[in-house]
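Input: a single structure, listed below in structure tokens.
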Number of protein chains: 2
Amino acid sequence: MTAERTATLDDVAKAAGVSRATASRVVTGQGPASRHARDRVAAAVAALGYVPDAAARALVTRTGTRLAIAVIGHTAAVLDDPYVGRVLTTAAHVAAEREVGVSLHWLPLNDPGSLARLADGRGLGGLVVVNPTRPALETVPRNLRGRVVAIGVGARDVPSFDVDNRAGTEGVVRHLVRTGRRRIAMVTGPAWLPCGDRAVEAYRQVLHDSGGEPRVVPGDFTAVRGARAAAEIMARWPDTDAVFALSDLTALGVLDGLHALGVQVPGDVAVAGFDDIAFAGLSRPALTTSTHPVEEIATAAAQAVLDRHNTGRATFFPSRLVVRDSA
Amino acid sequence: MTAERTATLDDVAKAAGVSRATASRVVTGQGPASRHARDRVAAAVAALGYVPDAAARALVTRTGTRLAIAVIGHTAAVLDDPYVGRVLTTAAHVAAEREVGVSLHWLPLNDPGSLARLADGRGLGGLVVVNPTRPALETVPRNLRGRVVAIGVGARDVPSFDVDNRAGTEGVVRHLVRTGRRRIAMVTGPAWLPCGDRAVEAYRQVLHDSGGEPRVVPGDFTAVRGARAAAEIMARWPDTDAVFALSDLTALGVLDGLHALGVQVPGDVAVAGFDDIAFAGLSRPALTTSTHPVEEIATAAAQAVLDRHNTGRATFFPSRLVVRDSA
DNA sequence: CTGTTAGCGCTTTCAC
DNA sequence: GTGAAAGCGCTAACAG
């Protein structure tokens with residue numbers, strides 16, 4: 001009943017009656033091993049509750065023991081975004097099951113060296129780049145190829161995982177059109193963020209199909225910017241009857257800005273967001289939006305690098321319209 | 001200019017003209033070393049840009065390479081709480097500077113074995129227990145003593161870091177009293193969570209001093225519970241003129257529940273929360289609350305275990321009243 | 001105070 | 001297919 005020293009590979013080998021080398025081959029799944037050896041080792045592993053020592057393995061394979069999450073942005077404040085918190089929480093949970101840790105890093109936009117500097121520190125098992133730009137992805141060192149994925153746009157050698165914001169945006173904007181709105185404005189994400197482009201294209205397309213004129217205002221995913229954007233939109237196009245923001249946070253800001261202007265929502269102007277964050281249901285009026293399965297995306301991304309999956313070049317996760325009161 | 005193999009301790013020793021053992025002593029700061037040796041090694045470290053290999057060090061010291069964040073709760077859903085995301089984000093950032101990773105674990109309430117199971121996995125460098133109960137803290141294995149801290153209540157051998165919710169609650173409730181409220185209800189945190197007790201005591205004290213009767217309803221830090229609690233409070237004590245919730249999320253739910261009942265805020269009933277989350281300023285009416293410096297707390301906790309600080313038994317971080325529209 | 005000597009637990013040639 | 005042997009980079013006794 002006393003907690004004995006945790007089993008080592010030597011113990012497993014001894015118990016299975018094979019050499020440590022053979023036990024290693026079986027455990028890692030690399031290299032040849034007879035059916036017989038395989039079975040005996042597997043049995044011993046189960047019996048002893050053997051778990052490989054990550055540090056020892058990392059030491060010899062130089063493969064690292066840490067999953068780094070690197071978030072690109074203008075300032076280190078991007079790390080405070082609740083979105084990053086959700087990605088990190090999920091990744092840390094997935095990593096924990098494999099006895100690996102996660103670290104968080106800010107990658108300054110337009111600092112090509114920063115990714116390389118991060119990557120050549122030892123101890124890096126894998127890398128998830130959040131919100132990358134295409135140039136940034138070019139700076140991924142070769143020795144990390146195969147252990148890097150992106151959440152956002154990808155690149156050759158860097159598989160990507162992201163929400164299907166094209167279809168999601170289509171769903172939201174079509175809903176707006178279906179409910180009689182025609183003069184629909186959009187608050188986008190930051191201009192440098194390429195993964196928002198798909199959504200803007202979708203917005204333009206739906207507007208084009210329904211005979212509307214695009215009214216695009218740049219955003220930055222913050223609520224403050226949303227409030228300001230609302231004022232800009234109403235000043236520039238006073239007859240606007242709907243605002244779609246590519247982020248719930250921004251949409252909540254729009255709600256605020258419109259309220260300050262004395263504009264009724266959804267009476268005068270409908271408002272819709274994107275993400276379906278926890279607070280979307282708590283605003284007044286409750287926010288109509290489209291889901292963003294952050295946890296699913298982060299799980300897939302973390303698993304891909306930790307398990308060295310060969311996923312496709314780009315994986316998109318569906319977004320679902322959630323109609324509440326604001327549109 | 002080509003990135004050469006990153007320097008090893010042997011390289012440092014050679015460059016400094018000392019043995020590897022001496023170099024190790026200087027680098028770790030453990031064990032004796034002459035002034036001369038210290039200087040030469042330090043110079044070599046700087047010149048070569050030497051960074052110790054965490055895996056190798058962990059292997060020999062059996063000290064682990066991972067900082068585990070363990071959150072206690074009824075279900076694994078506690079991991080989804082934005083609060084946990086903020087703690088984790090901060091810890092991962094602090095850990096990243098030291099080349100260590102962070103992993104996230106759920107510790108079921110009333111499962112005494114779970115902490116021990118977590119702790120005897122190899123590779124554990126340190127442990128931060130979030131929202132612990134006192135019995136849970138008793139199960140911390142001896143071999144981890146000195147590398148465990150708590151966010152919430154602590155114990156002997158487990159230093160704690162937490163917001164000063166006693167003073168914070170006093171501030172909020174006194175504000176309520178000062179603005180003419182007398183029949184003040186409180187929605188608490190979960191009953192099993194001991195660190196909320198200080199706040200309840202403070203609430204009772206202020207009420208006692210101002211001649212009010214306590215009206216306490218148990219909460220669980222969720223918005224859904226807040227809405228329900230609002231209904232319960234107004235049914236049980238219809239003349240209630242203020243509600244204080246020990247969590248902004250819950251307070252937002254109270255706002256919602258009151259709205260559904262047709263109760264005006266702050267006209268009929270004032271509402272105040274605790275935490276000052278990002279959305280506190282975006283609700284309608286904007287939420288009056290008291291700050292919770294989660295990032296500061298998590299930074300201190302992570303540093304304490306990573307740097308083996310000897311902090312005091314309990315450290316409290318001040319909370320500051322933020323008056324908005326709801327109270 | 002310093003250097004020599006053993007390993008930590010694991011993977012990986014390289015002969016057999 | 002399998003085992004013996006050689007380390008990965010580091011710390012910790014233990015003599016000097």
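Residue numbers start from 1 in every chain, and the chains themselves are labelled A, B, ... in the order their sequence lines are given, proteins ahead of strands.
Within the structure, every side-chain polar atom (N or O) of A:Thr8 is placed at least 4.0 Å from both OP1 and OP2 of C:dG9. Regarding contacts with the backbone of D:dT11, a side-chain N or O of B:Ser24 is found under 4.0 angstrom from either OP1 or OP2.
Closest heavy-atom contact between B:Leu88 and A:Thr89: CD2-CA, 3.4 Å. The two residues B:Gly152 and B:Asp162 make their nearest non-hydrogen contact at CA-OD2, 3.4 Å. Here the shortest heavy-atom pairing between A:Thr291 and A:Pro318 reads OG1-O, 4.4 Å.
Counting only heavy atoms from C-beta outward, the side chains of A:Thr28 and A:Arg57 approach each other to under 4.5 Å. Between A:Ser114 and A:Pro108 there is a side-chain heavy-atom pair separated by less than 4.5 Å. For the pair B:Leu127 and B:Leu115, the minimum side-chain heavy-atom distance is below 4.5 Å. Residues A:Phe221 and A:Asp275 form no side-chain contact, since every pair of their non-hydrogen atoms from C-beta on lies 4.5 Å or further apart.
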B:Val294 vs B:Thr90, side chain to side chain contact (heavy atoms under 4.5 Å, CB included): CA-CA, chis, key distance, verdict: CA-CA 9 Å; B:Val294 179; B:Thr90 308; 5.6 Å; no

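Less than 4.0 Å separates DNA chain D from at least one heavy atom of each of the following residues of residues 44-53 of chain B: B:Tyr50, B:Pro52, B:Asp53. Of the residues in residues 28-36 of chain B, those with a non-hydrogen atom less than 4.0 angstrom from any atom of DNA chain C are B:Pro32, B:Ala33, B:Ser34.
In this entry the distance linking CG of B:Asp39 with C1' of C:dC1 reads 15 Å, nearest Å. Atom CD of A:Glu99 and atom C1' of C:dC10 are 14 Å apart (whole Å). Per the geometry, CZ belonging to A:Arg25 stands 11 Å off P belonging to C:dT13, to the nearest Å. What separates CZ of A:Arg57 from C1' of C:dG9 is a distance of 10 Å, to the nearest Å. Whole-Å rounding puts the B:Arg40 CZ to C:dC1 P distance at 18 Å.
To the nearest 0.5 Å, the span separating CZ on A:Arg147 from CG on A:Leu124 amounts to 7.0 Å. Separating the CH2 atom in B:Trp106 from the NE2 atom in B:His74 is a distance of 10.0 Å, to the nearest 0.5 Å.
Using a 4.0 Å heavy-atom cutoff across all strands shown, B:Ala37 reaches sugar-phosphate atoms only and no base atom. Using a 4.0 Å heavy-atom distance criterion, A:Val27 is classed as making no nucleic acid contact. Within 4.0 Å (heavy atoms only), B:Ala58 reaches no atom of the nucleic acid at all.
For A:Ser19, counting side-chain heavy atoms from C-beta on, the closest listed nucleotide (C:dC10, D:dG3, D:dC10) is D:dG3.
Exactly one of A:Asp53, A:Val51, A:Thr65 qualifies for a side-chain contact (heavy atoms from CB on, under 4.5 Å) with A:Glu99. That residue is A:Val51.
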For nucleotides 6-8 of chain D, list the nitrogen or oxygen atoms of the protein found under 3.5 Å from its nitrogen or oxygen atoms, one pair per line.
unit_1 : atom_1 : unit_2  : atom_2 : d
D:dA6  : N6     : A:Arg20 : NH2    : 3.3
D:dC8  : O3'    : A:Arg62 : NH2    : 2.8

